[in-house]
Amino acid sequence: SQKIEQNSEALNIQEGKTATLTCNYTNYSPAYLQWYRQDPGRGPVFLLLIRENEKEKRKERLKVTFDTTLKQSLFHITASQPADSATYLCALVAYSGAGSYQLTFGKGTKLSVIP
Amino acid sequence: NAGVTQTPKFQVLKTGQSMTLQCAQDMNHNSMYWYRQDPGMGLRLIYYSASEGTTDKGEVPNGYNVSRLNKREFSLRLESAAPSQTSVYFCASSATGEWNEAFFGQGTRLTVV
């Protein structure tokens, strides 16, 4: 069966350090992988997208890698700040037939950045 | 710039009651989605609509129906609510094309007693 796993339910990290979150998938052939941020009581907000033929993508302090051989994406936040504390979700975009695409989410990792 | 608007924000239903969750987007997106989010389960896709006039089942469609009323609006109906449908429901939309990000509404917190 298809699975998306974000290895840690929760991750605590000291301010200033690099946070690394993991997303693994099985039985998918995703065209794209996305990362979202979700704050309590709010809907997810898009952060970054990476295509299957891209190894790495950066946006300010964020970096995402995508390894289709390992079926894994890593999400890094460098120089982490308390304001980065949130739940981070990975999502796979996969073709579902008839020109449509499904967006399927992992369960998320709750990141806490400790001052 | 409203984006995706869901109504209501909160709702309490009794078991067996019916209700419709409304969702509208003003970004001219073709694709719209309904998800539910439960503690420890993450976001699970209920139904989606790739374009006006089409709908497809997602991972957890049982107990729900949807209507893509027009390009802007995608509603989710619970015909006979059950306590297992207590959840936070999110509507989302995206432009055509798999590379496009999804925009989410603020969610509807539904409690079925």
Side-chain angles (χ1 to χ4, degrees), chain A residues 1-10 21 23 25 27-54 57 59 64 66 86-110, chain B residues 2-7 9-10 21 23 25 27 29-61 68 74 87-109:
Chain A
S1 62
Q2 295 176 323
K3 270 189 186 178
I4 305 170
E5 289 181 332
Q6 293 189 246
N7 288 8
S8 304
E9 265 193 41
L21 284 62
C23 177
Y25 60 93
N27 296 325
Y28 272 105
S29 296
Y32 298 82
L33 189 144
Q34 301 179 350
W35 283 88
Y36 289 77
R37 170 184 172 139
Q38 187 175 23
D39 292 288
R42 309 293 293 269
V45 174
F46 173 81
L47 294 174
L48 277 172
L49 173 147
I50 187 165
R51 295 170 174 78
E52 59 181 343
N53 61 353
E54 294 177 319
K57 200 78 164 285
K59 180 182 175 182
V64 172
F66 192 12
T87 296
Y88 291 87
L89 306 165
C90 73
L92 295 183
V93 184
Y95 184 63
S96 57
S100 65
Y101 294 85
Q102 276 198 31
L103 187 60
T104 307
F105 285 84
K107 292 180 183 178
T109 296
K110 185 175 180 181
Chain B
V4 179
T5 302
Q6 290 182 235
T7 54
K9 288 194 173 70
F10 301 94
L21 280 63
C23 175
Q25 51 91 8
M27 296 171 282
H29 286 165
N30 280 325
S31 299
M32 296 187 74
Y33 310 85
W34 276 106
Y35 291 89
R36 61 177 289 174
Q37 189 171 38
D38 303 290
M41 300 298 291
L43 278 163
R44 292 183 291 169
L45 184 64
I46 305 171
Y47 272 93
Y48 65 104
S49 170
S51 61
E52 187 179 350
T54 68
T55 60
D56 287 288
K57 294 179 181 179
E59 183 185 353
V60 288
R68 185 73 184 265
F74 188 38
S87 188
V88 181
Y89 292 85
F90 287 100
C91 176
S93 72
S94 68
T96 301
E98 66 276 22
W99 57 88
N100 285 295
E101 66 190 90
F103 291 82
F104 282 80
Q106 77 276 27
T108 296
R109 187 173 293 275

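Naming convention: chains lettered A, B, ... in sequence-line order (proteins, then strands); numbering from 1 in each chain.
With rounding to the nearest 0.5 angstrom, the CZ atom of A/F66 is 7.0 Å from the CD atom of A/E52.
Per-residue heavy-atom pair counts under 4.5 Å with chain A were compared for B/R44, B/R109, B/E59, B/M41, and the maximum is reached by B/M41. When each of A/Q38, A/R51, A/E9 is scored by its heavy-atom pairs under 4.5 Å with chain B, the top score falls to A/Q38.
With 3.5 Å as the limit, one finds no donor-acceptor pair spanning the side chains of B/N30 and B/S51. Side-chain atoms of A/Y32 and A/Q34 include no donor-acceptor pair closer than 3.5 Å.
Interface remark: B/L45 contributes side-chain atoms only to the contact with chain A (heavy atom separation under 4.5 Å). Of the atoms belonging to A/L47, not a single heavy atom falls under 4.5 Å from chain B. Within the 4.5 angstrom heavy-atom criterion, no atom of A/Q6 approaches chain B. Neither the backbone nor the side chain of B/F103 comes within contact range of chain A; no heavy atoms are under 4.5 Å apart.
Taking the six-membered ring where the residue is Trp, B/W34 and B/F74 present tilted rings, their angle falling between 30° and 60°.
Side-chain atoms of A/Y36 and B/L43, non-hydrogen and from C-beta on, never get closer than 4.5 Å to each other.
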